[in-house]
Amino acid sequence: MSERLEDIAAAMVADGKGLLAADESSGTIKKRFDVIGVESTADSRRDYREMMFRAKEAMTRYISGVILYDETIRQKAADGTPLVDIIKATGAIPGIKVDAGAKPLAGYPGDTITEGLDGLRERLADYYKLGARFAKWRAVIDIDVAKGVPSATSIGSNAHALARYAALCQEAGIVPIVEPEVLMDGAHDIGTCYEISKATLTKLYTELYAARVVLEGTILKPNMVLAGKKSGKTSSPEEVAEKTIKLFRETVPAAIGGIAFLSGGQSDEEATANLNAINAIGPHPWKLTFSYGRALQAAPQKAWSGKAANVAAAQAAFAHRAHMNHLAALGKWQPELEQAA
Ligand SMILES: O=P(O)(O)OC[C@H]1O[C@](O)(COP(=O)(O)O)[C@@H](O)[C@@H]1O
């Protein structure tokens, strides 16, 4: 396939296809495995991810790319085939998480800054050789209005880091996914999420512009505009769609390669219904699809539960969620389709 950044970005958001975020760091995947009673070892993580990458129907029809973790991009399947080759054989593009995680921001209790810029040029060259054609960096913006979180310093520092990361990726021939995640964990209402997301995206695109990042060769991985989990309120898909699109029209250049949402702790069906509602009110200036971690994997994880005998059932569960999100990316999903499964 073409190696031009804008072509890779376009392939990542090809009609009805989206990204599988399988880049959980060791700490995060351990938390997920604890829930299904599986010990997290290099082999169990490999077996689990190999199960998904070999899910032919899901991978070939609905998945445009897979975000990997450093361990996974170097791992071989049980039969010795590199996992990257298994992904490529399905037609999906391998990608890599390159940030080193969100750390407390000095002087600003409650705020974080994502680290990982030191040595990034060399690491990107290595990942390119290993087959990665896109990368991902996640900035984490929490909301706690009473405590002044997030601060303008946190929004600014994270946007600056994202821009430096994106410029380095493009220099290495790798498409940067820029992910400024405004968390849905707080007690805030949907209007506050909108305001904080607006400040975050405005700053992000100012910094990307200043860093001379070519927008056509980037993908945005944003949160949807939602009420915080602890607010006790659920926003309807129509409200989420209306506010999310209003936000993007105000802040996100039409030139970018595309938009692939994170799921951020929404239930599987909520993440699908919201993506569908967003696309149903189109046409929009950008393609809008999924880059889900939890909302694609919760069902197959449960079905798998660490047992080889469950691989086919887990792959079927993955295919179902990927299919539902494929339809949502086209604005053609309907709730009845969930029951039909
Ligand atoms: O905290 P970690 O381990 O870096 O990973 C956080 C996860 O958040 C994501 O960015 C989005 O995942 P969700 O869709 O589950 O919110 C994933 O790509 C990543 O695995």
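As a basis for the values below, the full set of heavy atoms in this structure was taken, side chains included, without hydrogen atoms, waters or symmetry mates. Counting convention: from 1, in listed order, for ligands and their atoms alike.
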* Structure fact -> Smallest heavy-atom separation, Gln266 atom then Ala271 atom, equals OE1-CA, 3.4 Å

* Sub-4.0 Å heavy-atom approach of Gln297 to ligand 1 -> no

* Asked: Nearest non-hydrogen atom to atom 6 (C) of ligand 1 belongs to which of Lys30, Arg32, Gln266, Arg138?
  -> Arg138

* Locate the shortest heavy-atom distance separating Val98 from Ala135; write the atom from each residue and the value. => CG1-CB, 4.1 Å

* Residue of the set Thr289, Asn274, Asn223, Ile278 for which side chain to side chain contact (heavy atoms under 4.5 Å, CB included) holds with Phe261 -> Ile278

* Looking just at side-chain N and O atoms, do Asn310 and Ser305 make a donor-acceptor pair shorter than 3.5 Å? -> no

* Protein heavy-atom partner closest to atom 17 (C) of ligand 1 - residue, atom, separation in Å -> Asp23 OD1, 3.3 Å

* Structure fact -> One finds that the ligand 1 atoms under 4.0 Å from a non-hydrogen atom of Lys221 are 9 (C), 10 (O), 11 (C), 17 (C), 18 (O)

* In terms of residue, atom name and distance, what is the protein heavy atom nearest to atom 5 (O) of ligand 1? -> Lys97 NZ, 3.5 Å

* To do: Please check if Tyr205 and Ile259 belong to a single hydrophobic cluster, counting links between Ile, Leu, Val, Met, Phe, Trp and Tyr side chain heavy atoms closer than 4.5 Å.
  => yes

* Asked: When hydrophobic residues are tied together by side-chain contacts of less than 4.5 Å, even through go-betweens, does Tyr108 share a cluster with Ile155?
  -> no

* Any donor and acceptor pair, going by atom type alone, linking the side chain of Lys233 with main-chain N or O of Leu226 inside 3.5 Å? -> no

* Structure fact -> The atoms of ligand 1 lying under 4.0 Å from a heavy atom of Glu24, numbered in the order shown, are 3 (O), 20 (O)

* Which of the atoms of ligand 1 are close to Tyr292, meaning less than 4.0 Å from one of its heavy atoms? -> 14 (O)

* Asked: Hey, does Ala295 sit under 4.0 Å from ligand 1 if you only count heavy atoms?
  -> no

* Per-atom contacts, ligand 1 versus Ser263 - under 4.0 Å to a heavy atom -> 13 (P), 14 (O), 15 (O), 16 (O)

* Is Leu208 reachable from Val214 through a run of hydrophobic residues whose side-chain heavy atoms are each under 4.5 Å from the next? -> no

* Structure fact -> With Arg321 as partner, the option from Gln297, His326, Glu269, Glu338 fulfilling side-chain hydrogen bond (donor to acceptor under 3.5 Å, both in side chains) is Glu338

* Answer with side chain, backbone, both or neither: which part of Arg294 has a heavy atom less than 4.0 angstrom from an atom of ligand 1? => both

* Asked: Considering all heavy atoms of both residues, which atom of Val13 and which atom of Gly257 are nearest to each other, and what is their separation?
  -> CG2-O, 3.5 Å

* For ligand 1, which atoms sit closer than 4.0 Å to a heavy atom of Ser25? -> 2 (P), 3 (O), 4 (O)

* Structure fact -> Numbered in order shown, the ligand 1 atoms found under 4.0 Å of a heavy atom of Lys136 are 9 (C), 10 (O), 17 (C), 18 (O), 19 (C)

* Does Glu181 come within less than 4.0 Å of ligand 1, judged by its heavy atoms? -> no

* Residue selection (non-hydrogen contact nearest atom 2 (P) of ligand 1) among Thr28, Thr114, Ile177 -> Thr28

* Mark whether atom 19 (C) of ligand 1 lies under 4.0 angstrom from at least one protein heavy atom. => yes

* To do: Provide the number and element of each atom of ligand 1 under 4.0 Å from a heavy atom of Gly264.
  => 13 (P), 14 (O), 16 (O)

* Against heavy atoms of Ala21, which atoms of ligand 1 measure under 4.0 Å? -> 17 (C), 18 (O)

* **Transitive ILVMFWY side-chain link Val240 to Leu201, under 4.5 Å** => yes

